[in-house]
Undergrad: 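A single structure is presented below for examination.
Any value given below was found using the heavy atoms of this structure, including those in side chains, with hydrogens, waters and symmetry copies removed.
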Amino acid sequence: MIRARNIRKRAALTATSAALALALVSGCGGDGGSPVADTLDTASAGPSVSDTAPAVPTTDPTTRAPAPTPTRPPAPSPTGPAEPVPTATAAPSPVRPSSRPPAAPSTTRPAATPTTRPSTPAATRPATTAPPAGGASSLWGGQYRGTARVTVQLYDYCSLDGARRPAGSQTYSMATTLSVERPREAGGLRENNPFALVLSVGPPGQTGAVGLGTSVAVATSSGQLLLTYWKLSWDSGTLRGQLTDNHVREAAALNLINWATLLVPCRPELGTLPGGMPHSVAVGASLSGKLTATSTSLTAKGASDDGLVEFTFEFSGSR
């Protein structure tokens, strides 16, 4: 900046010196005016020191920032005050996606919310009352225990003509159990009785023991097979039954009486075989008496299929 000012000052001084020299030369003329004087006047009217000199490049390495451009305020609306300018709201930053793969949708069905309904108490029958007519199902699952008094009449075929004859009798008592179950089902068939009965007099295998059963399910090569032995009826606590098929031909005898067998036929003095010998009960055996929800009193009569043993027993028990 200082150097530029010095240059402008020198240019002004040079111009002034040239004008003075011309004025001196013109003053020497006779008519007081000349073209030289006019030229001097014109030159004196040239640029002065105060005029702006041409821009001279500077060596200042500093770069000035451009001046900000003034912003003209918006013109007022002719119809009324200017509407307020809405304030810009910064947009929410986007959610950064997770690098993990999305979880597979759950295949578990939502558990149903149980609805509570007012429950009506079921009517219950006291255990000390007998079931009404047609209520045989109320006896299912019952087990009665007591004692049976058994009378056995024995026979043999040791007469001269080979006819059957009496060979003595015995009377004894044994602990007895009666189980009442729902009618059995097997092979697509159902026992046609109000319930299934299993009557056990004495331990199995003991001499004098009796076992009676109304039905059994037998496994065969073609599946389960239902065998029914007794036909039962039950009404208002009264039970009646008859053995209709002992299934001896199928080698499936279930109703048995266990009795001793002579070591030598017709020679009782020679002793008997160890233990008892099971004899199948013949068709026609009967069972009758009372069977209620609390107690039972039954009488059974029958004979062995070979005719050697006839039996009668009376059983009383409670549930």
Undergrad: Can you name the nearest heavy-atom pair linking Phe313 to Val210, along with the distance?
TA: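 In terms of heavy atoms, the two residues are closest at CE2-CG1, 4.1 Å.
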Undergrad: Counting only heavy atoms not in Glu314, do more than 12 fall under 6.0 Å of its CD?
TA: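 Result for CD/Glu314: open.
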Undergrad: Which Ile, Leu, Val, Met, Phe, Trp or Tyr residues join Leu189 in one cluster when any pair of side-chain heavy atoms under 4.5 Å counts as a link?
TA: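 Besides Leu189, the hydrophobic cluster comprises Leu226, listed by chain and residue number.
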Undergrad: Who passes side-chain contact (heavy atoms from CB on, under 4.5 Å) against Asn192, sequence neighbours left out?
TA: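 With sequence neighbours excluded, Asn192 shows a side-chain contact (heavy atoms from CB on, under 4.5 Å) to Lys231, given in chain and number order.
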Undergrad: Could you check whether atom CE of Met174 has more than 12 heavy atoms from other residues, nucleotides or ligands sitting under 6.0 Å from it?
TA: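 Yes - once you tally the heavy atoms of other residues, nucleotides and ligands closer than 6.0 Å, there are more than 12.
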Undergrad: So does Arg319 have more than 12 non-hydrogen atoms from other groups sitting under 6.0 Å from CZ?
TA: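 Correct, the count exceeds 12.
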Undergrad: For the side chain of Asp305 and the backbone of Val281, is there at least one donor-acceptor N/O pair under 3.5 Å apart?
TA: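 Such a contact is absent between Asp305 side chain and Val281 backbone.
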Undergrad: Return the CG to NE2 distance between Leu225 and His247, rounded to the nearest 0.5 Å.
TA: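 Result: 8.5 Å between the selected atoms.
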Undergrad: Do Leu232 and Trp140 share a hydrophobic cluster, counting only Ile, Leu, Val, Met, Phe, Trp and Tyr and linking them when any side-chain heavy atoms are less than 4.5 Å apart?
TA: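 Leu232 and Trp140: one cluster.
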Undergrad: In this structure, would Tyr157 and Leu263 fall into the same cluster of hydrophobic residues linked by side-chain contacts under 4.5 Å?
TA: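 Tyr157 does not cluster with Leu263.
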Undergrad: Check whether any side-chain heavy atom of Thr207 sits under 4.5 Å from a side-chain heavy atom of Thr272, and report yes or no.
TA: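 They are not in side-chain contact.
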Undergrad: For Leu160, what residues pass the side-chain contact (heavy atoms from CB on, under 4.5 Å) criterion, not counting sequence neighbours?
TA: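 side-chain contact (heavy atoms from CB on, under 4.5 Å) list for Leu160, sorted by chain: empty.
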Undergrad: Out of curiosity, Glu191 CD to Thr214 OG1, how far, rounded to the nearest 0.5 Å?
TA: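 Interatomic distance, Glu191 CD to Thr214 OG1, rounded to 0.5 Å: 4.0 Å.
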Undergrad: Taking all atoms of both residues into account, what is the closest heavy-atom pair of Asp161 and Ala163, and its distance?
TA: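 Closest approach of Asp161 to Ala163, heavy atoms only: OD1-N, 3.1 Å.
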Undergrad: Indicate the atoms forming the closest heavy-atom contact of Leu254 with Ser215, along with that distance.
TA: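 It is CD2-O, 3.8 Å.
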Undergrad: Is it true that, when you exclude Arg145 itself, more than 12 heavy atoms of the residues, nucleotides or ligands shown sit nearer than 6.0 Å to its CZ?
TA: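 Atom CZ in Arg145 is not crowded, with 12 or fewer foreign heavy atoms closer than 6.0 Å.
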Undergrad: Using side-chain heavy atoms (C-beta onward) and a distance below 4.5 Å, is Val180 in contact with Leu197?
TA: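 In short, these two side chains touch, coming nearer than 4.5 Å.
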Undergrad: What heavy-atom pair brings Ala167 and Gln153 nearest, and what distance separates the two atoms?
TA: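 Heavy atoms only, the tightest pair is N-NE2, 4.3 Å.
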Undergrad: Under the side-chain contact (heavy atoms from CB on, under 4.5 Å) test, which residues partner Lys290, sequence neighbours left out?
TA: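 If we apply the side-chain contact (heavy atoms from CB on, under 4.5 Å) test to Lys290, skipping adjacent residues, the hits are Thr238.
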Undergrad: Using the test side-chain contact (heavy atoms from CB on, under 4.5 Å), find all partners of Ala175 that sit at least two apart in sequence or belong to another chain.
TA: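 Checked Ala175 against side-chain contact (heavy atoms from CB on, under 4.5 Å); zero matches.
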Undergrad: Rounded at 0.5 Å granularity, tell me how far OG in Ser138 sits from CZ in Phe195.
TA: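 Result: 9.5 Å between the selected atoms.
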Undergrad: Would Leu199 and Val216 show up in the same hydrophobic cluster when neighbours are defined by side-chain heavy atoms closer than 4.5 Å?
TA: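 Yes, same cluster.
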Undergrad: Is Leu256 linked to Leu212 within one hydrophobic cluster, defined over Ile, Leu, Val, Met, Phe, Trp and Tyr using a side-chain heavy-atom separation of less than 4.5 Å?
TA: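 No: no chain of side-chain contacts under 4.5 Å links Leu256 to Leu212.
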Undergrad: If I take atom CH2 from residue Trp259 and atom CZ from residue Phe311, how far apart are they, to the nearest 0.5 angstrom?
TA: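 CZ of Phe311 is found 12.0 Å from CH2 of Trp259.
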Undergrad: Indicate the atoms forming the closest heavy-atom contact of Tyr155 with Glu310, along with that distance.
TA: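 Scanning both residues, the minimum pair turns out to be OH-OE1, 3.4 Å.
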Undergrad: Roughly how far apart are Arg164 CZ and Asp306 CG, rounded to 0.5 Å?
TA: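 Atom-to-atom, Arg164:CZ and Asp306:CG are 10.0 Å apart.
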Undergrad: To the nearest 0.5 Å, what is the distance between OG1 (Thr292) and CH2 (Trp234)?
TA: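 If we round to the nearest 0.5 Å, Thr292:OG1 and Trp234:CH2 are 8.5 Å apart.
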Undergrad: For Arg165, give me all partners under salt bridge (charged side-chain N to carboxylate O under 4.0 Å, His left out), at least two apart in sequence or on another chain.
TA: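 In terms of salt bridge (charged side-chain N to carboxylate O under 4.0 Å, His left out), with neighbours along the sequence ignored, Arg165 is linked to Asp156.
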Undergrad: Spell out, yes or no, whether Leu262 and Val309 are grouped together once hydrophobic residues are joined by side-chain heavy atoms under 4.5 Å, including indirect joins.
TA: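 Leu262 does not cluster with Val309.
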Undergrad: Less than 4.5 Å apart, any side-chain heavy atom of Leu287 and any of Phe315?
TA: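 A side-chain contact under 4.5 Å is absent here.
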Undergrad: Take a 6.0 Å sphere around CZ of Arg240 and say whether it holds more than 12 heavy atoms from other residues, nucleotides or ligands.
TA: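 For Arg240, atom CZ is not crowded (no more than 12 foreign heavy atoms under 6.0 Å).
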Undergrad: Any heavy-atom pair between the side chains of Ser233 and Asp235 that's under 4.5 Å?
TA: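 Heavy-atom side-chain distance check fails, nothing below 4.5 Å.
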Undergrad: Taking Tyr229 as the fixed residue, which of Leu243, Asp245, Thr244 is the one that meets the side-chain contact (heavy atoms from CB on, under 4.5 Å) rule?
TA: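 The single option meeting the side-chain contact (heavy atoms from CB on, under 4.5 Å) with Tyr229 is Leu243.
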Undergrad: Would you name the heavy atoms of Asn246 and Val283 that are closest together and state the gap between them?
TA: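 Of all heavy-atom pairs spanning Asn246 and Val283, the closest is N-CG2, 3.9 Å.
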